[in-house]
Amino acid sequence: MPSSAEEALGPANLTVGGETIELPVQQPTLGRKTIDVSSLGQHGLAVFDPGYADTAAYTSAITFVDGEAGRLYFRGYPVEQLATSHSFLEVAYLLIYGELPGAEAADNFVAKVRDPKLAIHVGIERMFDTFPQSMHPMAMMSIATEALTAYADEDAGLDARARVEQAGIRLLSSMPVFAGYAHAVLRGVAHGKSNRSLDYVEDFLQLCFSLPGSDHLPDNATARALNTLLILHADHELNCSTATLRMVASSGASFYAGVSAAINALWGPLHGGANQEVIRMLQEIKDSGKPLSAIIDKAKDKNDPFRLMGFGHRVYKTTDARARVIRQIALDLVEKLAPEDPLLEIAMKLEEVALADDYFISRRLYPNVDFYSGIIYRAIGFPDAMFTPLFVLGRSAGWVAHWLEMASGPGRIGRPTQFYNGSAERNVPARPGAS
Ligand code: ACO
């Protein structure tokens with residue numbers, strides 16, 4: 001385990017078959033004491049850790065999740081302090097460069113991200129025109145990001161890190177436009193035009209809600225709420241999609257290929273796709289008229305694959321830091337924009353019933369970031385399929401930071417091992433009739 005801020009502790013002794021192996025132990029700045037097992041292969045040993053729950057595969061200085069306390073830190077700052085005091089692009093700058101920008105640095109960064117030279121290439125615009133209305137916008141986002149490999153022109157004269165930095169700025173510049181175009185495809189109308197003189201979030205909202213058939217343009221309070229949501233989603237250390245991004249980076253593939261893969265990992269219902277599934281679940285509860293106890297029993301039934309969507313987390317063992325902020329935004333925004341929406345009330349009752357149930361208490365399952373975010377997006381007027389692309393908009397900042405961190409240090413290709421439980425060596429049987 002390299003790097004400076006950790007404290008070396010006495011070694012851990014592992015005794016296997018009479019042999020004792022000394023393994024170095026270090027205390028990171030924040031988090032669990034970590035045993036360096038990277039020498040075990042030399043002793044013919046491996047560790048088994050399904051889901052990598054207890055495996056640190058990288059050192060990182062970007063984000064820390066304190067699952068026991070329900071806290072989330074970006075570069076050491078508690079996320080709830082950043083959530084309402086800064087713009088999303090300022091927080092993206094913090095994640096990428098390590099410090100909050102001063103006024104001049106913030107202006108320069110915004111100018112770079114909003115540079116008209118980074119407008120979406122007409123080839124990618126045409127691609128959106130060919131996407132069928134039935135395509136999920138996460139597929140559109142992933143394809144469009146991958147297509148940047150063909151249309152982006154990062155300066156070949158720059159070193160690898162500076163090229164990724166340029167590509168990262170292009171990504172932040174492109175994502176709201178891709179999401180806005182995807183929204184138009186979903187609605188079955190021609191996409192609008194990005195207006196780069198507008199604020200980042202306001203431009204995205206006008207791109208989505210100035211379309212033919214839209215009946216309102218979200219107000220400033222909605223733009224502020226969305227800005228906060230993007231910040232809350234901006235990074236979350238080594239979750240499934242960021243680990244995917246790092247895995248792709250480790251092979252030397254292109255940045256856009258890595259982000260495209262991360263978008264696909266985020267899409268799954270156990271990860272970022274949960275925000276869409278929560279609304280589907282709440283709607284089903286409403287339509288079925290069944291009591292909440294029936295849905296709770298279904299989630300507890302080990303013979304039923306159904307899980308209470310928006311509940312539980314690999315790291316958080318108390319309420320998700322982000323969920324606390326999001327819950328309050330949901331209460332405020334729904335009351336203002338969609339007071340007649342019955343799903344918020346169902347969600348609050350469901351949360352109350354689950355939090356009082358022994359099954360959820362004993363497993364320390366609490367609402368996560370996705371439990372209330374869909375309700376907010378729905379109140380703003382986004383269709384369900386757009387919820388996970390909104391997650392992508394925020395998370396793109398973290399993906400840039402993680403790729404840059406990898407590009408800045410020595411890396412090793414990601415290649416987990418396995419516990420093989422197939423056949424031992426055996427001979428291929430002779431074909432019947434063969435001599
Ligand atoms: N509903 C019912 N039971 C659950 C739930 C849930 N939402 N989440 C976990 N459990 C149960 C498991 O069945 C397991 O029970 P057991 O010990 O009796 O076998 C126990 O709690 C531990 O669960 P694991 O699956 O081991 O937890 P893991 O860390 O692997 O999974 C996950 C975390 C995927 C988030 C899980 O809690 C889940 O499926 N939640 C619902 C989907 C969701 O909301 N995902 C969004 C997460 S936030 C994000 O990615 C942005």
Side-chain angles (χ1 to χ4, degrees), residues 1-73 75-76 235-252 258 261-262 265 270-271 302 312-318 320 362-366 368 398 401-403 405-426:
M1 282 176 284
S3 188
S4 53
E6 308 89 4
E7 183 195 333
L9 304 169
N13 292 321
L14 176 69
T15 304
V16 183
E19 183 194 9
T20 297
I21 305 161
E22 268 197 6
L23 299 168
V25 183
Q26 290 199 31
Q27 176 66 59
T29 319
L30 296 170
R32 293 183 270 174
K33 293 184 190 72
T34 304
I35 305 172
D36 183 345
V37 295
S38 59
S39 66
L40 284 185
Q42 296 160 23
H43 300 274
L45 294 169
V47 290
F48 183 61
D49 182 20
Y52 312 120
D54 298 310
T55 296
Y58 304 99
T59 56
S60 181
I62 302 169
T63 293
F64 181 72
V65 180
D66 183 340
E68 288 296 324
R71 307 291 305 277
L72 169 62
Y73 302 91
R75 301 284 186 182
D235 195 40
H236 212 235
E237 45 149 281
L238 275 183
N239 52 78
C240 177
S241 51
T242 304
T244 300
L245 176 102
R246 281 190 175 252
M247 182 66 97
V248 176
S250 79
S251 79
L270 296 188
H271 192 15
K302 292 294 169 198
H313 197 273
R314 171 60 62 78
V315 186
Y316 290 116
K317 299 301 163 208
T318 180
D320 182 329
S362 62
R363 288 170 182 76
R364 304 177 75 188
L365 302 171
Y366 290 83
N368 59 52
H402 281 269
W403 195 286
E405 191 174 68
M406 282 196 80
S408 308
R412 210 174 170 203
I413 189 164
R415 205 300 186 190
T417 188
Q418 64 175 358
F419 183 84
Y420 176 71
N421 64 354
S423 297
E425 182 179 341
R426 53 187 175 154

Exercise for the section: Evaluate the side-chain proximity of Pro28 to Phe64: yes if any heavy-atom separation is below 4.5 Å, no if none is. Expected result: no
Fill in the blank from the handout: Here the pair of heavy atoms bringing Ala265 nearest to Ser241 is CB-CA, 3.7 Å
Fill in the blank from the handout: Given the options Asp235, Thr242, Thr63, His402 meets side chain to side chain donor-acceptor pair (under 3.5 Å) only with Asp235
Practice task
Would you check, one step at a time, whether the test side-chain contact (heavy atoms from CB on, under 4.5 Å) holds for Leu9 with Gln26?
Solution key: CA-CA 5 Å; Leu9 304 169; Gln26 290 199 31; 6.0 Å; no
Problem - Spatial distance of atom OG (Ser423) from atom CD (Glu425) [nearest 0.5 Å] - result: 11.0 Å
Handout entry: For the student: nearest non-hydrogen atoms of Thr34 and Ala56, plus distance
Key = CG2-CB, 4.3 Å
Practice task
Working to the nearest 0.5 Å, report the span between CD1 of Ile35 and OG1 of Thr55.
Solution key: 11.0 Å
Problem - Lys317 side, atom NZ; Glu68 side, atom CD - distance, nearest 0.5 Å - result: 8.5 Å
Practice task
Taking Arg75 for its side chain and Ala61 for its backbone only, find out whether a donor-acceptor pair lies under 3.5 Å.
Solution key: yes
Exercise for the section: Apply the side chain to side chain contact (heavy atoms under 4.5 Å, CB included) test between Leu14 and each candidate in Leu40, Thr20, Val47; give the one that qualifies. Expected result: Leu40
Exercise for the section: Report the distance from atom CD of Glu237 to atom CD1 of Ile62, rounding to the nearest 0.5 Å. Expected result: 10.5 Å
Practice task
State, to 0.1 Å, how close Tyr58 and Leu238 come at their nearest heavy-atom pair, and which atoms those are.
Solution key: CD1-CD1, 3.5 Å
Exercise for the section: Please lay out, stage by stage, how Asp36 and Leu23 fare under the test side-chain contact (heavy atoms from CB on, under 4.5 Å). Expected result: CA-CA 6 Å; Asp36 183 345; Leu23 299 168; 5.9 Å; no
Handout entry: Straight-line distance of Thr417 OG1 to Asp49 CG, nearest 0.5 Å
Key = 12.5 Å
Handout entry: side-chain contact (heavy atoms from CB on, under 4.5 Å) between Leu245 and Met406, worked out
Key = CA-CA 10 Å; Leu245 176 102; Met406 282 196 80; over 6 Å; no
Exercise for the section: With rounding to the nearest 0.5 Å, note down the distance linking CG in Leu270 to CZ in Arg314. Expected result: 10.0 Å
Problem - Considering all heavy atoms, the nearest Tyr52-Pro416 contact - result: OH-CG, 3.0 Å
Practice task
Name the orientation class of the two ring planes belonging to Tyr316 and His236 (parallel below 30°, tilted from 30 to 60°, perpendicular beyond 60°).
Solution key: tilted
Practice task
Report the C-alpha distance between Arg246 and Ser60 in whole Å, list the side-chain angles of each, state the deciding distance to 0.1 Å, and finish with yes or no for side-chain contact (heavy atoms from CB on, under 4.5 Å).
Solution key: CA-CA 11 Å; Arg246 281 190 175 252; Ser60 181; 3.7 Å; yes
